[in-house]
Amino acid sequence: PGSIRVRLQILNQKSRVVSYKEKDIETDEQQIFVGIKLNELNAGNYDAIVMVEDVNTGEQDLAIQEVVIRKAGTPL
């Protein structure tokens with residue numbers, strides 16, 4: 001089995017880290033899906049930075065995605 005390390009950082013509009021999670025996952029799959037809960041964050045705009053590392057080879061990948069959290073009941 002392969003081993004990957006997934007790191008997730010959530011940055012607020014001031015580029016401050018407001019959430020950080022790290023998890024090692026054992027898998028033989030070429031593609032996996034990871035769900036995250038963002039319910040601890042206030043309404044606003046954030047950047048989610050996902051870093052994935054193959055623990056066996058040291059290969060890394062990085063993705064950055066803007067996340068917009070709205071208050072409940074706020075129209076899209």
Side-chain angles (χ1 to χ4, degrees):
S3 181
I4 60 171
R5 179 167 295 126
V6 179
R7 295 182 184 102
L8 170 68
Q9 287 184 330
I10 306 291
L11 283 68
N12 65 14
Q13 290 177 315
K14 296 179 181 179
S15 296
R16 291 197 177 114
V17 176
V18 294
S19 181
Y20 178 85
K21 298 181 186 333
E22 183 174 319
K23 183 171 186 170
D24 289 346
I25 300 171
E26 298 288 329
T27 183
D28 289 328
E29 302 297 323
Q30 291 289 328
Q31 184 175 13
I32 64 167
F33 295 91
V34 178
I36 58 171
K37 293 183 181 180
L38 300 175
N39 54 350
E40 74 269 7
L41 299 177
N42 295 324
N45 293 7
Y46 298 87
D47 287 322
I49 301 173
V50 181
M51 298 160 279
V52 180
E53 177 184 2
D54 182 321
V55 176
N56 298 324
T57 66
E59 289 185 55
Q60 299 179 353
D61 201 2
L62 174 86
I64 301 172
Q65 179 67 47
E66 182 181 8
V67 177
V68 178
I69 298 177
R70 293 183 171 83
K71 291 182 183 178
T74 303
L76 297 176

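Given the structure is predicted, the values throughout are model-derived calculations rather than measurements. Residue indices begin at 1 and follow the sequence shown.
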Point-to-point distance, once rounded to the nearest 0.5 Å, from [atom1] of [X] to [atom2] of [Y]:
{"X": "Ile4", "Y": "Gln60", "atom1": "CD1", "atom2": "CD", "answer": "12.5 Å"}
{"X": "Gln65", "Y": "Ile10", "atom1": "CD", "atom2": "CD1", "answer": "10.5 Å"}
{"X": "Gln30", "Y": "Asp28", "atom1": "CD", "atom2": "CG", "answer": "9.5 Å"}
{"X": "Gln9", "Y": "Glu22", "atom1": "CD", "atom2": "CD", "answer": "10.0 Å"}

ILVMFWY network linking [X] to [Y], side-chain heavy atoms under 4.5 angstrom:
{"X": "Val17", "Y": "Val67", "answer": "no"}
{"X": "Ile64", "Y": "Leu8", "answer": "no"}
{"X": "Leu11", "Y": "Leu62", "answer": "yes"}

- Message: Checking Glu59 now: which residues fulfil salt bridge (Lys or Arg N to Asp or Glu O under 4.0 Å) with it, not counting sequence neighbours?
- Response: none

Would you mind writing out the side-chain donor-acceptor pairs for residues 41-52 within the sub-3.5 Å range, not counting sequence neighbours?
residue: Tyr46; atom: OH; partner: Asn42; partner atom: N; Å: 3.4
residue: Tyr46; atom: OH; partner: Asn42; partner atom: O; Å: 2.8

- Task: Indicate the atoms forming the closest heavy-atom contact of Asp54 with Asn56, along with that distance.
- Result: OD1-N, 2.8 Å

- Ile32 versus Ile25: any side-chain heavy-atom pair under 4.5 Å? yes

